[in-house]
Amino acid sequence: PSTVVAFTITSTEVLPSRASKSDAVAVLAWDKKTDEIALIEQFRPGALKDEKSPWLIEIVAGIIDPGETRVQAAIREVKEEIGLTLTEKQLHYVTSDYPTPGGASELVTLYIADADLSNLEKHGGLDVESEDIRVFKASLKDAYENVKNGRIHNSVAIIAIQHLLLEKESILKSFAK
């Protein structure tokens, strides 16, 4: 039997700096023929204290623009950051989660994309957003090794890589439909 616990909220006061943050999408582009994934590396000011480097290895991600759906944002971000053109049918929904609910309302929706990485850009991002993104491929196995050794250490990338490793067969079936 399960137990339901109820809480009473006694205060609705929220600090403005923690109250609202735009929702986002993240996409792990995967080439099922080669079992390679597209990764990006970019400077993150929040990681300046990182022992290894403030240049973090991540997957495609970005804010959902006003009036845009999650799927539209995912397709746009993949084009902007790694130069690939996708359709909705190439996206496999993984999950939506709150990465920092104690400090922000941001909801991140994660997809895995069926992508041909043979013509992957080497550099991505938009100048108007001051993005300087190195784009590269890695085998899924090597990417997971980088999760284990701590070189890939942001939650969205970790969730995506682990999910693909665990659910590869069901994801392949969803792309075959």
Side-chain angles (χ1 to χ4, degrees), residues 14 16-33 36-46 56-138 140 143 152 154-177:
V14 178
S17 63
R18 293 183 171 194
S20 181
K21 191 171 180 187
S22 297
D23 290 343
V25 294
V27 182
L28 177 63
W30 172 51
D31 191 323
K32 63 188 181 207
K33 293 177 189 152
E36 293 175 311
I37 60 173
L39 294 171
I40 62 174
E41 185 177 37
Q42 62 182 325
F43 175 77
R44 294 298 196 185
L56 298 185
I57 297 175
E58 305 174 335
I59 62 173
V60 169
I63 301 300
I64 301 170
D65 289 340
E68 193 174 42
T69 68
R70 297 177 299 180
V71 168
Q72 290 168 335
I75 291 168
R76 176 184 50 77
E77 286 292 339
V78 167
K79 182 67 172 171
E80 289 176 4
E81 293 192 358
I82 63 174
L84 298 179
T85 302
L86 297 178
T87 66
E88 184 173 352
K89 288 185 176 195
Q90 291 172 274
L91 294 174
H92 172 84
Y93 172 81
V94 175
T95 191
S96 294
D97 78 305
Y98 296 96
T100 56
S105 63
E106 177 186 47
L107 179 68
V108 177
T109 299
L110 176 60
Y111 297 94
I112 293 175
D114 178 6
D116 177 355
L117 301 181
S118 61
N119 294 313
L120 193 65
E121 300 281 333
K122 301 261 188 266
H123 189 266
L126 297 178
D127 290 337
V128 296
E129 294 181 7
S130 300
E131 293 177 316
D132 181 17
I133 299 172
R134 180 176 79 96
V135 181
F136 63 100
K137 293 186 278 190
L140 183 58
I152 295 176
N154 70 78
S155 61
V156 173
I158 292 169
I159 292 167
I161 291 165
Q162 289 178 333
H163 185 83
L164 181 54
L165 280 168
L166 292 170
E167 299 295 333
K168 192 182 290 186
E169 292 306 313
S170 66
I171 294 167
L172 281 168
K173 286 178 186 173
S174 78
F175 289 144
K177 291 179 182 176

| request: May I have the step-by-step check of side-chain hydrogen bond (donor to acceptor under 3.5 Å, both in side chains) for Asp97 and Thr95, ending in yes or no? | output: CA-CA 6 Å; Asp97 78 305; Thr95 191; 5.8 Å; no
| query | Between Val135 and Glu81, which heavy-atom pair has the shortest distance, and what is it? | reply | CG2-O, 3.3 Å
| message | So does Asp65 get a backbone contact from the side chain of Glu68, meaning a donor-acceptor N/O pair under 3.5 Å? | response | yes
| query | Between the main-chain N or O of Thr87 and the side-chain N or O of Gln90, is there a donor-acceptor pair closer than 3.5 Å? | reply | yes
Validation: residues 164-172 side-chain donor-acceptor distances under 3.5 Å, sequence neighbours left out:
residue : atom : partner : partner atom : Å
Glu167  : OE1  : Ser170  : OG           : 3.3
Lys168  : NZ   : Asp35   : OD1          : 3.1
Lys168  : NZ   : Asp35   : OD2          : 2.9
Ser170  : OG   : Glu167  : O            : 3.0

| request: Hey, could you give me the NE2/CD1 distance between His163 and Ile158, rounded to the nearest 0.5 Å? | output: 15.5 Å
| Does any non-hydrogen side-chain atom of Val108 lie less than 4.5 Å from one of Val25? | no
| Crowded around Gln72 CD? As in, over 12 foreign heavy atoms under 6.0 Å? | yes
| said: Parallel, tilted or perpendicular: which one describes the rings of Tyr93 and Tyr111, with boundaries at 30° and 60°? | reply: perpendicular
| Are the side chains of Lys33 and Ser118 in touch, meaning some heavy atoms are under 4.5 Å apart? | no
| field | Intermediate values then yes/no, side-chain contact (heavy atoms from CB on, under 4.5 Å), Lys137 and Leu39 | value | CA-CA 6 Å; Lys137 293 186 278 190; Leu39 294 171; over 6 Å; no
| Shortest non-hydrogen separation from Ala143 to Ile161 and the atoms involved | CB-CD1, 4.0 Å
| note | Separation between CG (Asn154) and CD (Glu58), nearest 0.5 Å, reads 5.0 Å
| task | Locate the shortest heavy-atom distance separating Ile112 from Ala160; write the atom from each residue and the value. | result | CD1-O, 4.1 Å
| message | Show the nearest heavy-atom pair for residues Pro101 and Pro99, with the distance to one decimal. | response | CD-C, 3.6 Å
| Distance in Å, Leu84 CG paired with Leu117 CG, rounded so as to fall on 0.5 Å steps | 6.0 Å
| remark: Rounding to 0.5 Å, atoms CZ (Arg134) and CD1 (Ile40) come to a distance of 11.0 Å
| query | Can you find a pair of side-chain heavy atoms, one from Leu86 and one from Lys79, that are under 4.5 Å apart? | reply | no
| message | I need the single residue from Ile82, Val156, Ile159 that forms a side-chain contact (heavy atoms from CB on, under 4.5 Å) with Ile59. Which is it? | response | Val156
| query | Below 4.5 Å, heavy atoms only, C-beta onward: do Val71 and Thr109 meet side chain to side chain? | reply | no
| field | Straight-line distance of Leu107 CG to Tyr98 OH, nearest 0.5 Å | value | 4.5 Å
| task | Please name the pair of heavy atoms, one in Glu106 and one in Ala24, separated by the smallest distance, quoted to 0.1 Å. | result | OE2-CB, 3.6 Å
| field | side chain to side chain donor-acceptor pair (under 3.5 Å) involving Asp114 - partner list, sequence neighbours excluded | value | Lys32
| said: Walk me through whether Leu28 and Val60 qualify under side-chain contact (heavy atoms from CB on, under 4.5 Å). | reply: CA-CA 7 Å; Leu28 177 63; Val60 169; over 6 Å; no
| said: Rounded at 0.5 Å granularity, tell me how far CD1 in Ile57 sits from CD in Glu41. | reply: 5.0 Å
